[in-house]
Amino acid sequence: MSDEEEPTSRRRLLLWLVRGLFIAAAAVGMLWLFLGYEPPEERRWPGREKVVFWHMWTSNWAEVVRRICDRFNDSQDRYEVVPLTVFGGSLKTLIATSGGDPPDCMAQWEAVIPAWAARGALTPLDTLMPAEEWRALRDRMYPAVRDIGMYQDHFYGLSTGMNVWAVYYRPEYFRQTGLDPDKFPETLEELDALSDRLFQYDKDGRITRIGFTPRWLVHYIATFGGSLYDPATRQITFTNPKNVEALEWITSRADRYGFERILQFESGLSTTMAASWPFISGAYAMVLDGQWRVEQLAKYAPELEYRVAPLPPPKGGKPLACWSNGNFTIIPSGARNKAGAWAFMRFWSGVDKPERAAEFYTWGGWLPITPDVAAAPRYQAYCATYPHFRAFLQIMASPNVQVTPPVPVQAYMMSRLTWAEDAALRRHLSPREALEQAARETQRELENMGIGREGNRKEMLNVK
Amino acid sequence: MARRNNLAGWVLVSPVVVGLLVFTLYPFLASLALSFCEYDLFPPPRGVGAWNYETMFTRDPLVWKSLTNVLYYTALAVPLGIVMGVGLALLLDAKIKGLAVYRTLFFLPSIVPVVATSVLWIWLLNPQIGLVNTLLRLVGIEGPTWLASVAWSKPSLVFMGVWGVGGSMLIYLAGLKDIPASLYEAAVVDGANAWQRVRYVTLPMLTPVIFFNLVMGMIGAFQYFTQAYVMTQGGPLDSTRFYALHLFFEAFQYLKMGYASAMAWVLFIIVVGVTALLFRSQHRWVHYGR
Amino acid sequence: MKHPWYIRLAIHAALVALALPFCMPLVWMVGTSLKEDAQIFPKEVVTTVPEFLSQWWPNPFRWANYPEALRYVPFPIYLRNTLMLCAVNVAAAVASSALAAYAFAKLEWRGRSILFAVVIATIILPGEVRMIPTFALYRWLGWYGTYLPLIVPAFFGNAFFIFLLRQFFRTIPDDLCDAARIDGCSEWGILWRVVLPLSKPALATCGLFQLLGTWNDFNGPLLYLNDQTKYTLAYGLQQFLGAYGGEWSKLMAAATVFTVPIIVLFFLAQKTFIQGISTTGMKG
């Protein structure tokens, strides 16, 4: 004890030295753990030009992406694509882009195309290819793919996989109810009548099975023949009479079965993820869903008997219609290796050679960008394995598929449209009033965007 | 000794001073400047004068909606929290057995991480299979759809807030321990019954602590964010779009950083105003006995 | 004063009645984490008391929910990240706040009271005001996507802790410090050998507050982290909620795993914690 209370100055110095070293070591260790260690980059061809590709996929999907990148790297000797899964949604990539350190290309959801293109943050892809190649591609692409990729007069994104929606139904329940599963309704009115018969309730009047309940207005705007935006006048057209009609129909169905009652029933269902999609457990006789369910059902419920049919249109409406979206690969305007990025995107999407891309699209179970990819033998073989997939291909080719209009405030627009649907369903406003209010707000948002950029604001707002 | 103190004092607080400058003063002034700009992360920020403030007051009805929501929440959750906190503390101040156990039970919800309690409450409030509606069904009531209902979503969040009252309860308990026993003895001598002792001794002596919790609770309530972000994302029909949530969406979803800065400044002015009012009201009801 | 037995009984009854809603949800959470999906999602809603009571008890016990939930998210990585953040933040915040609190409580220097008022005033600043420029600052520094935004601020003191510790330090008699000064002790020595050893409960309280704060921090990781290998538990759990929204058994298992360490810690630290708060006092 006395040693510690009166240490000699040398001992004291030593003690402090030891303590200092210890603290320094601990600090360095901590810093290293936190900041330092990034695994050394894996380059198989260090001599080649590097193409950095950011995407959002994990696990199995990331594996598919890696295989496609490997194929590209093996196919030529100039570039090496380095794929990287990046979390944090579009904010992270936006920060990199606006901060001047973007990747060479990245996969994003479609909403970034108009938003970033309007801010000059994207490279027009049509400037990277010869004029005749662009013309040929433009004419070959599925309408939805082209419409999403275009902003004003340029083409900014190439789809890596599209989504379209159709009605999944259970023939078993049709038969139990004395209906013929081979005769799926051809009009929305017939679908309504069928739905009434397929609903089931318990003794207290609670729903135990849903026949069909429409949700997600955008799909019905497409099938009713409405629209969201008029590029010529730059007006939000939520109040298009067809939209109002669609929303009135949606609310009338909810009223019929009881909105709260449906809400309550659906809240008690398990997740909608893959294996536990409530359609499998029999919660729905008919439900509108996307093409990705086909492969999931084959994997998780191979015995389940089900069919797929396009959404039947109302009288005077559009057949083979729904809303469509997808993942798109884009090249930021600050990218270092645009030529390499474009070579990779071209390779993946089969711009030059559809048969090759057909294989990639079957790996992911994705809907391709052009009909000739779908027509390739590899893709046709995939459709033979999953016959229900054909309905989705048929819809993909339809001119009645609608996409979110190319306005730079898409995220806002869609959130307000969802709000309008909710407001009408909850009887908070009439369908017309709800759409009017949402239109007003979206219009204002559109007109106020870029208010500080007096120089190029007109250009952003598409004023010629 | 005073001669060396100036140096030592400033050396010891130097990290705090640097922190104040870098993490408080700079962002504070920068956000004021940004609030007069349009800024979407693509540099540079572009000056727009008072446009953002004009937008808030004349063009964005959601600002008012979110402000009403947060006022609703504050007006219900803060007083309820005080009543519950003081009530529990009074019960726990009694000299009975098993206090430590009770104290832990009441404190438990407030140490459970917010994300976990949010997950738990989404489940408890599930309209079909949740615990709350199941209990109500046992007594023959079909409960509402809680978080999915415009009318019940905010009250649901208030219940959840009151459930986490344990933290302030502990502070009240500490305050109760500070009340000198002599005051109670004097009250007994004067013939005060239990209720009168609470009413005329305990509560007045506790007012400084109540005041402290009121101010902190109010400031916290105005910034209410995480539960709404995790549980409802502002829905249904914007009924849980609280001010801080609206601000967050405007900033990071719609990239209106300048606008969000203006919103933050208005919030700051409101909070300062309410705090000032509370401080002004102090002399009417807060007793600083010492 | 000891209450008569019937008053005590009434207080017990009130406390038990009030405690039920406070702990029942947590019991339910643990119960649900061990159930099978079939028990969680009954085909028909529960309307009778026996059905309801049997609902509480997992039947059968499905322990596999735990490994399955933990397989969905890289739990050990999240735990490691969270623990490291907690360790650094607790050490840094307590140390820097203690230094400042000592200067405010025990030293006299020009500008002390003004600076103290400024520090306390920052408590009422809504975080939102700082959020965007701070975000821009970190981005400019290249700190977006690293832990730095989540740890560096802790090194510059925490206004609430400074207040708490200052109150506590003021209860330590000045004579003690003066005696040490006369013995030739530096200010650093006084803080280290006299003040801090006497203030362990208050320091522990601050440490625990910071620990809870970091453990629960949601906004920080939400804003600044974008790499799954850097996520913390609080943020990871929310990701889990987004990805597996309806898998309640696994969600509850994850929530239980997330909650238990903090409850255990509270049990261990409870006495010090409450002592720290009570002796500090909240009065200005």
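Computed from a prediction, not measured in an experiment: that's the story for all the values here. To find a chain, count down the sequence lines: A is the first, B the second, and so on, and within it residues start at 1.
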[X], part contacting chain B, at a heavy-atom distance under 4.5 Å:
X: I7(C); result: neither
X: M252(C); result: side chain
X: R112(C); result: neither
X: L223(C); result: side chain
X: Y138(C); result: side chain
X: T32(C); result: side chain

Using the ring-ring contact (aromatic ring centres under 6.0 Å, His included) criterion, which residues pair with W10(B)? Sequence neighbours excluded.
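W10(B) satisfies ring-ring contact (aromatic ring centres under 6.0 Å, His included) with W109(C) once adjacent residues are dropped.
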
Closest heavy-atom contact between V114(B) and N216(C)?
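In terms of heavy atoms, the two residues are closest at N-OD1, 4.0 Å.
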
Apply the test ring pair (Phe, Tyr, Trp, His ring centres under 6.0 Å) to residues F218(C) and F225(B): give CA-CA distance (whole Å), side-chain angles for both, the deciding distance (0.1 Å), then the verdict.
CA-CA 10 Å; F218(C) 178 72; F225(B) 171 80; 7.0 Å; no

Proximal component of [X], with respect to chain C [non-hydrogen, under 4.5 Å]:
X: F252(B); result: side chain
X: V101(B); result: neither
X: M84(B); result: side chain
X: V17(B); result: side chain
X: L105(B); result: both
X: M218(B); result: neither
X: L120(B); result: both

Look at atom CD1 of I141(B) and say whether more than 12 heavy atoms of other residues, nucleotides or ligands are closer to it than 6.0 Å.
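Buried by this count: over 12 neighbours within 6.0 Å.
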
Can I get a per-line list of side-chain donor-acceptor pairs under 3.5 Å for residues 9-24 of chain C, giving both atom names and the distance, sequence neighbours left out?
{"residue": "H12(C)", "atom": "ND1", "partner": "Y102(B)", "partner atom": "OH", "Å": "2.9"}

Name the orientation class of the two ring planes belonging to F156(C) and F23(B) (parallel below 30°, tilted from 30 to 60°, perpendicular beyond 60°).
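Taking F23(B) first and then F156(C), their aromatic rings sit tilted (interplane angle of 30° to 60°).
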
